[in-house]
Asks: 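One structure, pasted below without further comment.
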Amino acid sequence: MRQDRILSLLTTPTNERSSDSHLMIHIVDYDAGNQTSVKRALDHLGVASVITSDPEDLVRAERIVFPGVGHAHSALETLRKRGLDEALISAADRGTPILGICVGCQILLSGSEETDLPCLDLIVGRCLKFRPDDAALKVPHMGWNALRVDRAHPVLRHVRPGDEVYFVHSFYPAPDDERDVLARSRYGVEFAAVIGRRNIVAAQFHVEKSGPVGLKMLGEFARWDGNPC
Amino acid sequence: MLSKRLISCLDVRDGRLVKSVRFVNTKDIGDPVSAARRYYEAGLDELVFYDITASSDQRAIMLDVVEEVARQVFIPFSVGGGLRSVDDCRKVLEAGAEKVNLNTAAVSNPGVISEAADAFGVQAVVLSMDIRAAGSGSLPSGYEIVTHGGRRDTGMDALDWARRGEALGAGEIVVNSIDADGTLEGYELKLTRMIADNVGIPVIASGGGGRPEHLYDALTEGGADAALVASMLHYGHYSVDSIKRRLHDQGLKIRMTN
């Protein structure tokens, strides 16, 4: 891994080098559970990362992973209390590449059926609750399900048709603009499994627990310059 | 649609992987971390670690195992055995597990299920039930909950307990047949089906898996969402891939990685 990186630094043109040399990722800590799992996955990939709950760190960050498990409501309360909501919004505005995961993905939207609190509104749309007509479809949607990539994106470069990833959720993202949906999955309804706009990309599933498919996504995010094309 | 999950159970005592037959005569079969990594790389969907350490002063070893697994394995895993309180649960979750398996502690203190579900979410709480066929007519469902690895009867009806566990906040249920455990002769299909038909949360069939067709039966006739295997993998009789390919070829939705 390390040798590959040094090699790529030596062989890539200077104008691309800046994105490759800034590999430090800041992982947002807002007591939402899975920040340590994300860090371990990045450690495994040889990508430098640090867990932080300091808004100042996010302002300076080169790349941000915004993880999360649990309830959107309590997650939002903690984010606000720590001033992390404003820091995330200003980082997003400055073009910092951001990867949302699970609840971290849901909170990037404008709102959610899970809470009356406004969400970050970085991607316009809402989070909806699964209401399957079929009683055999249990909620939460928990387990491995297939991804279908509908819009090419650098972070999804290695995802092949039929690749499965690990989901645990009762709510799913529903962006208003179709173009913000990058990949879909199916559970009673078809829903957005990966969403993105400009320098923001977010997965409803647990990238850090989705085996080699998820690790490859993390690896691609670590070298992504924030340009969706 | 969701894939049916193949889960392997690793019994750990004093930091070593063991396989128990009917919970007695445990045999040392290796290092749990390297076994976990091998199964992860082979495409297993999920892991369960069951700590059967006898003395409480050895429990810290299990947390080391959990942490090391979390550094090397990037699929979900749960930990059970000896968890009595929300604090015990928090320790294994912080060490890197996604879920806790509550068994004996939940029987003696059902409130621990709801406390854990409130603290960590229902998706993090698995109710693990050890079940034995009861004498005829003694219990409504015909099955009884037992604890302490089958050594202690509780007089509790298995179906009642499953429903109550769900109401208290369990997010999944492991149906472990003590009668079938270690026999390699197949899962207790009637019992598995009965529980699966009467709860709204995923059911994991456990105990008795010896051949791929046993898993097929548990995931179809038994109505299970996942099947737990131990010996048939640990002793190398079958590989993760050979089991999955067989189930996949028989038409089940299975996550194929190779």
Side-chain angles (χ1 to χ4, degrees), chain A residues 31-45 68-72 74-75 102-103 132 134-147 160 162-170 185-190 205-219, chain B residues 1-7 37 39-47 66-77 90 93-99 117-126 166 171-173 196-197 199-204 223 225-226 244 248 253-258:
Chain A
D31 300 337
N34 61 338
Q35 64 274 5
T36 315
S37 296
V38 173
K39 171 133 182 52
R40 283 175 178 145
L42 290 169
D43 288 350
H44 180 78
L45 293 169
V69 289
H71 299 290
S74 52
C102 195
V103 171
D134 182 354
L137 299 182
K138 297 159 182 176
V139 178
H141 170 232
M142 176 166 58
W144 296 83
N145 206 335
L147 277 185
R160 297 167 306 175
D163 272 355
E164 296 190 19
V165 290
Y166 187 74
F167 291 89
V168 184
H169 61 128
S170 302
S185 196
R186 190 169 220 338
Y187 190 63
V189 292
E190 210 161 62
F205 53 88
H206 283 279
V207 180
E208 77 285 7
K209 289 289 171 177
S210 290
V213 175
L215 291 180
K216 280 180 193 153
M217 280 181 63
L218 277 176
Chain B
M1 289 303 102
L2 280 175
S3 291
K4 298 285 188 182
R5 282 173 285 160
L6 177 64
I7 305 177
R37 201 173 78 186
Y39 292 148
Y40 159 65
E41 286 168 354
L44 194 78
D45 299 316
E46 194 166 326
L47 283 157
V66 172
E67 217 172 297
E68 203 43 48
V69 169
R71 282 181 206 289
Q72 300 188 28
V73 168
F74 302 98
I75 52 173
F77 67 93
R90 180 171 287 117
L93 294 174
E94 281 177 355
E98 269 63 51
K99 312 175 187 181
D118 285 347
F120 315 115
V122 297
Q123 84 291 338
V125 182
V126 184
E166 179 184 16
E172 283 180 284
I173 288 183
D197 280 347
V199 297
I201 52 180
V203 164
I204 301 162
D225 298 278
K244 283 190 147 191
H248 180 259
K253 187 165 182 296
I254 297 290
R255 168 184 163 248
M256 302 303 293
T257 51
N258 297 313

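The model shown is predicted, which means the values in this text are computed figures rather than measured ones. Values reported hereafter were calculated over all heavy atoms of this structure, with side chains retained and with hydrogens, waters and symmetry mates removed.
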Asks: Out of curiosity, Met256(B) CE to Asp163(A) CG, how far, rounded to the nearest 0.5 Å?
Replies: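 Spacing of CE (Met256(B)) from CG (Asp163(A)) equals 12.5 Å.
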
Asks: Measuring heavy-atom distances to chain B, does Tyr166(A) have an atom under 4.5 Å in its side chain, in its backbone, in both, or in neither?
Replies: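 Looking at Tyr166(A), just its side chain touches chain B.
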
Asks: Is Phe77(B) in contact with chain A via its backbone, its side chain, both, or neither, using a 4.5 Å heavy-atom distance?
Replies: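 Just the side chain, heavy atoms under 4.5 Å.
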
Asks: For Phe74(B) and Ala41(A), work out which heavy atoms get closest and say how close.
Replies: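 Closest heavy-atom pair between Phe74(B) and Ala41(A): CE2-CA, 3.5 Å.
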
Asks: Measure Ala95(B) against the heavy atoms of chain A and call it side chain, backbone, both or neither at under 4.5 Å.
Replies: backbone

Asks: Is there a donor-acceptor pair closer than 3.5 Å between any side-chain N or O of Trp144(A) and the backbone N or O of Leu2(B)?
Replies: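 The answer is no, because no donor-acceptor pair under 3.5 Å joins these two groups.
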
Asks: Are any non-hydrogen side-chain atoms of Lys253(B) and Asn145(A) less than 4.5 angstrom apart?
Replies: yes

Asks: Under 4.5 Å, counting heavy-atom pairs only, tell me which of Gly96(B), Pro202(B), Pro76(B), Gly171(B) racks up the most with chain A.
Replies: Pro76(B)

Asks: Relative to chain A, which segment of Ile7(B) carries a heavy atom at a distance below 4.5 Å: side chain, backbone, both, or neither?
Replies: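 For Ile7(B), there is no contact with chain A at all, as no heavy atom is under 4.5 Å.
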
Asks: What distance do Met142(A) atom CE and Glu46(B) atom CD have between them, rounded to the nearest 0.5 Å?
Replies: 7.5 Å

Asks: If you measure from NZ on Lys138(A) to CD on Glu172(B), what distance do you get to the nearest 0.5 Å?
Replies: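 Reported to 0.5 Å precision, the distance equals 9.5 Å.
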
Asks: Once rounded to the nearest 0.5 Å, what's the spacing between atom CD of Gln72(B) and atom NE2 of His44(A)?
Replies: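 Spacing of CD (Gln72(B)) from NE2 (His44(A)) equals 8.5 Å.
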
Asks: Is it the side chain or the backbone of Arg5(B) that comes within 4.5 Å of chain A heavy atoms, both, or neither?
Replies: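 The side chain, not the backbone.
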
Asks: If we define contacts as heavy-atom pairs under 4.5 Å, which of Ala226(B), Ala70(B), Ala124(B) has the most with chain A?
Replies: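 Of the candidates given, the most pairs with chain A belong to Ala70(B).
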
Asks: Checking Glu164(A) against Ser3(B) for the side chain to side chain donor-acceptor pair (under 3.5 Å) test, could you report, in this order, the C-alpha distance in whole Å, the side-chain angles of both residues, the deciding distance, and whether it holds?
Replies: CA-CA 9 Å; Glu164(A) 296 190 19; Ser3(B) 291; 2.6 Å; yes

Asks: Top residue by heavy-atom pair count (under 4.5 Å) with chain A, among Gln123(B), Glu98(B), Lys4(B)?
Replies: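 Greatest number of close heavy-atom pairs with chain A: Glu98(B).
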
